[in-house]
Each structure stands twice: as C-alpha cells, then as structure tokens.
Amino acid sequence: MKRFLIIIIVFGWATTSCFYDESIPSDQNVWPVLQPRELEMDEARLLEMDSVIVTQPGQGIESVVVVKSGNLIYEKYYYGNDRSTQFELGGVSSFVSNLALGRAIDMGLISSVSDSIYKYLPAFEEEFEDFPLKKNITFAHLMTMKSGLSWNELSGVFDGQLSDIDRMIESENWAEYLITKPLDALPGSRYAYNSAIPIIITEVIESQYGDGIYSFLLNEVFNSVSVGSFDVARVGDNANMAWGVSLSTLDLAKLGYLYLEEGDWFGNQIVNPEYMKSSVDVQTNIDYFNDFGWMWWRYADNNGFLPFLEVNDTFFAGGIGEQRLYVVPHLELVVAITGKNERADFDLPSPLIFRDYILRSIQ
C-alpha cells in the first residue's frame, strides 16, 4: 500500500512538472495553479507542444505562460531561462504605451483620447504654429496609426535609402524627429504603420508627469499589478517605448490579464474599463487578414487563421523575436510567448504554437 502511494505521488509530481518549472513555488503565483485537465484541456497536446519546443532549440520559443479562467495552467522556460528572465519585447512594447496613456487619462494628466496632442507638447509650440494642420492630430490618431505624418517604416532594399526608423535612431531627439515630419495625409484619414508612435505618447506623458516614463510606469501602473523588475531601453535622452521594453514572460501575462479584465486587477480598477475595451476593439480595417485597435492587433473576420473559433474576439501584440501576447476574452485565455529568434526562416513561430497547440488543447 505504501509503495502504491509513493507511485501515485511521483506520477503526480512528474505530470505537474511537465506544465510548470519545478523551481517555482506555488505560493508565489498570482493565480491559483491548476492542471490543464481540470479545465478540460487536452494535456496530450500541451505535452506535445512542450516536446516540440524542447527538441527544436534555436527556433525562437524560449518561454510559454498560459492563464485560463483565472488559473495558471502552463508556465515553462527553456534553454536556461527562468521566471526572472527579462525578454526584450520588440514591437510588443507598443501596447505598454497604450496602457500608460489610459492611466495618464485617468489621472487627469490628459483629457481624453480625442484631445489634440499639441496642447501637451509645449516644447514644440513653434512647430504646431508653423504647421497648424498638425494641431488636428489626436491621441486616437496616433494609436490607430492615422497621424498623417510622413513615414517610411522600412529601409530601401534596392535604392539603399535609410528608413525613418534608421534616421530617427541617428537623431539626437527622437520625439522632435517624429513631430517635425511633414504631413502627407490629413490626420485621421489614412492608415500608415509607424512603429515609433509610442515615442510621441511617451513625450506627452513625461511632459505632463514631470518625471521619466520609467518612474511613471513603476509608480502609477506596474506597482499596482505586481509587475516585478522591468526595463525601458534608452538611447541618449530617448526612452524607447516603441520596441525597447523588457519584461519577464509572467509579468507580460499579467498585463494581458489586466486587459482581459478590462482594467480591473483583483478588485482594484487600474484603468477605466471603457478605455480598455476601446483599446482592443477594431478601430481600423487594414486588409483581409488584419484589423487594428489602439496599439493592439486583431484578426479580420474570415481571416482563415482561426477558423475554428466561434467568436472572433482575439487581440494580440507581436514583436520580432517571437514575442507575442494573446488574449481571447470568450475563452478567458491569456497566452504570453517570448523568444529571441530574429531570423525570417524559423520553423516554430509563436502564432502556430498559439493556434495548433494551445487553442487546439481547448477545442
């Protein structure tokens, strides 16, 4: 009988260790820990995911965290990473600027997303007076990539021309580079992707808060949602909120959970729920595959990537290196995936991990 009990205990521990790193104490979790089967998830598919990641080193995926129905059901780190590892989020960083803006509005630093940015940028008063059409740029225009500012996101492959990203990085003042770009469309009239837009939002928050964006995030946002250490990369005097935020995978999942709960963190309303809902609603139709919210991506209806989901409410943030944050409200699901792969020919992209293993384990 004693031997039988030992076998059961060992089997249970082995099963648990397949879904969680063994070194993580259960009392250090934000959410209760459950086995996937307790939520009727297909554990075999998740174990297959784990084995695929383990047997394909260098393919991008270095950690996966899954929160389902308010429970932590999967947390694994690969290739020497652990819960304390901070990953450079790349383009995922941009949604953090959306979160910061929502908090700044709640604090009264900014009136609303419909307000013009020029009122909050006194250092650039001359630019707005010389080009008054720029006074029509609102925060909503920034977050939907409809500022109207001329922008070339990619370097020229054939002519060798530098992109605006390259030129901005070389400049002394990134916000100035952005704001002094000429208008090539009326604000609000045309979508044009500009990954550097969070730099303008950061400039506004810093001008109104009176301290740097790091202090703002720490004291006004992250401390309230149990986010541990983080970083915002700096180049000279420029805080890079566009693609320079670093977080642990678990802390990234916490921010996704905050959006899932529409700004509520276990009874504490961090950001106005209407703002949080509008942030992830479709604000712009881009093409057959993609829609866009306020710094959040959405899958267009009939996109073909998630055909088996009855409700098309998935929103996500993505960045180079296989960083992804997915939220699926009707499934009460948050998935954070981080990695370090910057190649274009990887065999194990995060979207397939999300769709073929995590979502399929629920269906």
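Both cation-pi conditions hold for K135 and Y118: the charged atom is under 6.0 angstrom from the six-membered ring centre and inside a 45 degree cone around its axis. Cation-pi check for R360 over F308 is met; the charged atom lies under 6.0 angstrom from the ring centroid and within 45 degrees of its normal.
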Can I get a per-line list of side-chain donor-acceptor pairs under 3.5 Å for residues 181-191, giving both atom names and the distance, sequence neighbours left out?
unit_1, atom_1, unit_2, atom_2, d
K181, NZ, D164, OD1, 2.8
D184, OD1, R190, NH2, 2.9
D184, OD2, R190, NH2, 3.4
S189, OG, L186, N, 3.4
S189, OG, L186, O, 2.6

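A distance below 6.0 Å separates the ring centres of F222 and F230.
Listed by chain and residue number, E262, Q269 satisfy the side chain to side chain contact (heavy atoms under 4.5 Å, CB included) test with P273 (two or more places apart in sequence, or in another chain). Residues satisfying the side chain to side chain donor-acceptor pair (under 3.5 Å) criterion with Q283, sequence neighbours excluded, are absent altogether. Applying the ring pair (Phe, Tyr, Trp, His ring centres under 6.0 Å) rule to W296 yields the partners F95, Y259, F315; only residues at least two apart in sequence or on another chain are considered. Applying the salt bridge (Lys or Arg N to Asp or Glu O under 4.0 Å) criterion to E38, with sequence neighbours excluded, gives no partner residue. With sequence neighbours excluded, no residue forms a salt bridge (Lys or Arg N to Asp or Glu O under 4.0 Å) with K68. Qualifying ring pair (Phe, Tyr, Trp, His ring centres under 6.0 Å) partners for Y177, counting only residues two or more places apart in sequence or in other chains: none. For the ring pair (Phe, Tyr, Trp, His ring centres under 6.0 Å) test, residues two or more places apart in sequence or in another chain that qualify with F289 are Y299. A search for side chain to side chain donor-acceptor pair (under 3.5 Å) contacts involving D251 returns S248, K254, not counting sequence neighbours. Evaluation of the side chain to side chain donor-acceptor pair (under 3.5 Å) rule for Q86 yields S229 as partners, not counting sequence neighbours. By the ring pair (Phe, Tyr, Trp, His ring centres under 6.0 Å) test, Y275 pairs with W294, sequence neighbours left out.
In terms of heavy atoms, L99 sits closest to V271 at CD1-CG2, 3.8 Å. Across every non-hydrogen atom of F305 and P351, the tightest pair is CZ-O, 3.4 Å. Of all the heavy atoms in P32 and G70, the pair that sits closest is CD-O, 3.3 Å. Annotation for A300 and N290: closest pair CB-N, 3.9 Å, computed over non-hydrogen atoms. Shown here for I213 and A239, the closest heavy-atom pair between the two residues is CG2-CB, 3.7 Å. Between N98 and S279, the closest heavy-atom pair is ND2-OG, 3.1 Å.
Between the side chains of N71 and S69, no donor-acceptor pair is found at a separation under 3.5 Å. N285 and D291 share a donor-acceptor pair across their side chains, judged by distance under 3.5 Å alone. Side-chain polar atoms of D50 and Y78 form a donor-acceptor pair below 3.5 angstrom. Judged purely by distance below 3.5 Å, without hydrogens or angles, the side chains of T338 and T249 pair a donor atom with an acceptor atom. Judged by distance alone, the side chains of D231 and Y214 never bring a donor and an acceptor atom under 3.5 Å apart.
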Should Y120 and D115 be marked as a side chain to side chain contact (heavy atoms under 4.5 Å, CB included) after you check the CA-CA gap, both sets of side-chain angles, and the distance that decides it? CA-CA 9 Å; Y120 304 94; D115 216 355; 2.4 Å; yes
Begin with the C-alpha distance, continue with both residues' side-chain angles, and end with the deciding distance and a verdict on ring pair (Phe, Tyr, Trp, His ring centres under 6.0 Å) for Y193 and W151. CA-CA 8 Å; Y193 186 72; W151 194 257; 9.9 Å; no
Step-by-step side chain to side chain contact (heavy atoms under 4.5 Å, CB included) determination, V113 to I105: CA-CA 8 Å; V113 294; I105 291 172; 3.7 Å; yes
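Just one residue in the list V280, I201, L142 forms a side chain to side chain contact (heavy atoms under 4.5 Å, CB included) with M295, and that residue is I201.
Side-chain atoms of R298 come within 3.5 Å of backbone atoms of T314 as a donor-acceptor pair (strictly under, hydrogens ignored). Checking side-chain atoms of T180 against main-chain N and O of E176 turns up a donor-acceptor pair under 3.5 Å. Side chain of R324 to main chain of G319: a donor-acceptor pair is present (N/O by atom type, distance under 3.5 Å, no hydrogens or angles). Proximity of a side-chain donor or acceptor of R45 to a complementary backbone N or O of D356 within less than 3.5 Å is detected. Side chain of N223 to backbone of L218: a donor-acceptor contact under 3.5 angstrom is found. Judged by distance alone, the side chain of S215 and the main-chain N or O of D211 form no donor-acceptor pair under 3.5 Å. Using a distance-only test at 3.5 Å, with no hydrogens or angles considered, a donor-acceptor pair links the side chain of E153 to the main chain of S195. Under the 3.5 Å distance criterion, the side-chain polar atoms of R167 are left unmatched by any main-chain donor or acceptor of E170. At distances below 3.5 Å, at least one donor-acceptor pair connects side-chain atoms of Q323 with backbone N or O atoms of E88. A donor-acceptor pair under 3.5 Å is formed between the side chain of S112 and the backbone N or O of S114.
Note that OG of S147 and CD1 of I200 are 6.5 Å apart. Values are rounded to the nearest 0.5 Å. Here the OG atom belonging to S94 is positioned 11.0 Å from the CD1 atom belonging to I199, to the nearest 0.5 angstrom.
Judged as a salt bridge (charged side-chain N to carboxylate O under 4.0 Å, His left out), the pairs with a partner in residues 271-289 (not counting sequence neighbours) are, in order, E274-K277.
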